[in-house]
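Just so you know, residue 1 is the first one in the sequence shown, and it goes up from there.
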Amino acid sequence: MAVKTTNRYGRITISDSAIAMTAHYSAADCYGIVDLVSRRLTDSLIELFNKQPAGKGVKVETVNNKIYLELYVVLRDGVNVEAVCDSVRSTVKYDVETYTGMRVSGIVVNVVGVRL
């Protein structure tokens with residue numbers, strides 16, 4: 001699926017992979033995040049061949065032009081988990097809404113692990 005909108009310039013369609021890339025880079029820049037990990041087998045196979053998947057660690061669903069995101073993150077040891085998750089949610093929501101011009105209806109942050 002993709003997000004579609006129309007404005008005075010015409011019809012705009014933004015793919016789920018473009019949204020995933022934006023969310024990935026936004027989340028990776030947050031304090032306390034060590035890495036985003038893939039949850040699909042195809043992402044793991046792509047990593048074996050030394051290629052970086054576009055939206056690694058991000059699952060995007062678009063329903064009726066509303067965006068739902070699910071992030072899989074590894075946190076740095078010693079950080080406040082709840083504070084980092086709140087920071088990631090607000091940062092990713094702001095960046096994706098700014099990029100797409102559409103509303104993000106929900107973000108779920110899954111903490112997969114903790115690293116030094």
For the residue pair [X] and [Y], establish whether any side-chain heavy-atom pair is separated by less than 4.5 Å.
X: Val74; Y: Leu36; value: no
X: Ser26; Y: Val96; value: no
X: Glu97; Y: Arg103; value: yes

So, taking the atom named [atom1] in [X] and the one named [atom2] in [Y], what distance separates them when rounded to the nearest 0.5 Å?
X: Leu75; Y: Arg115; atom1: CG; atom2: CZ; value: 10.5 Å
X: Thr98; Y: Lys93; atom1: OG1; atom2: NZ; value: 11.0 Å
X: Cys30; Y: Arg89; atom1: SG; atom2: CZ; value: 11.5 Å

With side chain to side chain contact (heavy atoms under 4.5 Å, CB included) as the test, would you mind laying out the steps for Lys56 and Asp35 before giving the verdict?
CA-CA 9 Å; Lys56 177 182 165 188; Asp35 195 13; 3.6 Å; yes
If you compare all heavy atoms of [X] against all heavy atoms of [Y], which two are closest, and at what distance to 0.1 Å?
X: Gly32; Y: Val79; value: CA-CG1, 4.2 Å
X: Ala23; Y: Val58; value: CB-CG1, 4.0 Å
X: Cys85; Y: Val111; value: SG-CG2, 3.8 Å
X: Tyr31; Y: Val84; value: O-CG1, 3.6 Å
X: Ala27; Y: Ile33; value: O-CG1, 3.6 Å
X: Ser87; Y: Ser90; value: O-OG, 3.1 Å

Go through the steps to decide whether Tyr25 and Asp95 satisfy the test side chain to side chain contact (heavy atoms under 4.5 Å, CB included), and finish with yes or no.
CA-CA 10 Å; Tyr25 289 124; Asp95 288 345; over 6 Å; no
Could you go step by step and tell me if Tyr68 and Glu70 meet the side chain to side chain donor-acceptor pair (under 3.5 Å) rule?
CA-CA 7 Å; Tyr68 298 93; Glu70 195 166 349; over 6 Å; no
Go through Val108 and Leu71 one step at a time and tell me if the side chain to side chain contact (heavy atoms under 4.5 Å, CB included) criterion holds.
CA-CA 6 Å; Val108 177; Leu71 306 171; over 6 Å; no
Can you check whether Glu82's main-chain N or O pairs, donor with acceptor, with Asn80's side chain at less than 3.5 Å?
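The answer is yes, because a donor-acceptor pair under 3.5 Å joins these two groups.
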Apply side chain to side chain contact (heavy atoms under 4.5 Å, CB included) to Ile19 and Leu69, showing your working.
CA-CA 9 Å; Ile19 295 169; Leu69 299 171; 4.1 Å; yes
Following the transitive rule for hydrophobic clusters with a side-chain heavy-atom cut-off under 4.5 Å over Ile, Leu, Val, Met, Phe, Trp and Tyr, establish whether [X] and [Y] coincide in one cluster.
X: Val81; Y: Val109; result: yes
X: Ile107; Y: Tyr94; result: no
X: Val114; Y: Val73; result: no

If you count the non-hydrogen atoms of other residues, nucleotides and ligands that lie under 6.0 Å from CG in Asn64, is the total more than 12?
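No, not enclosed.
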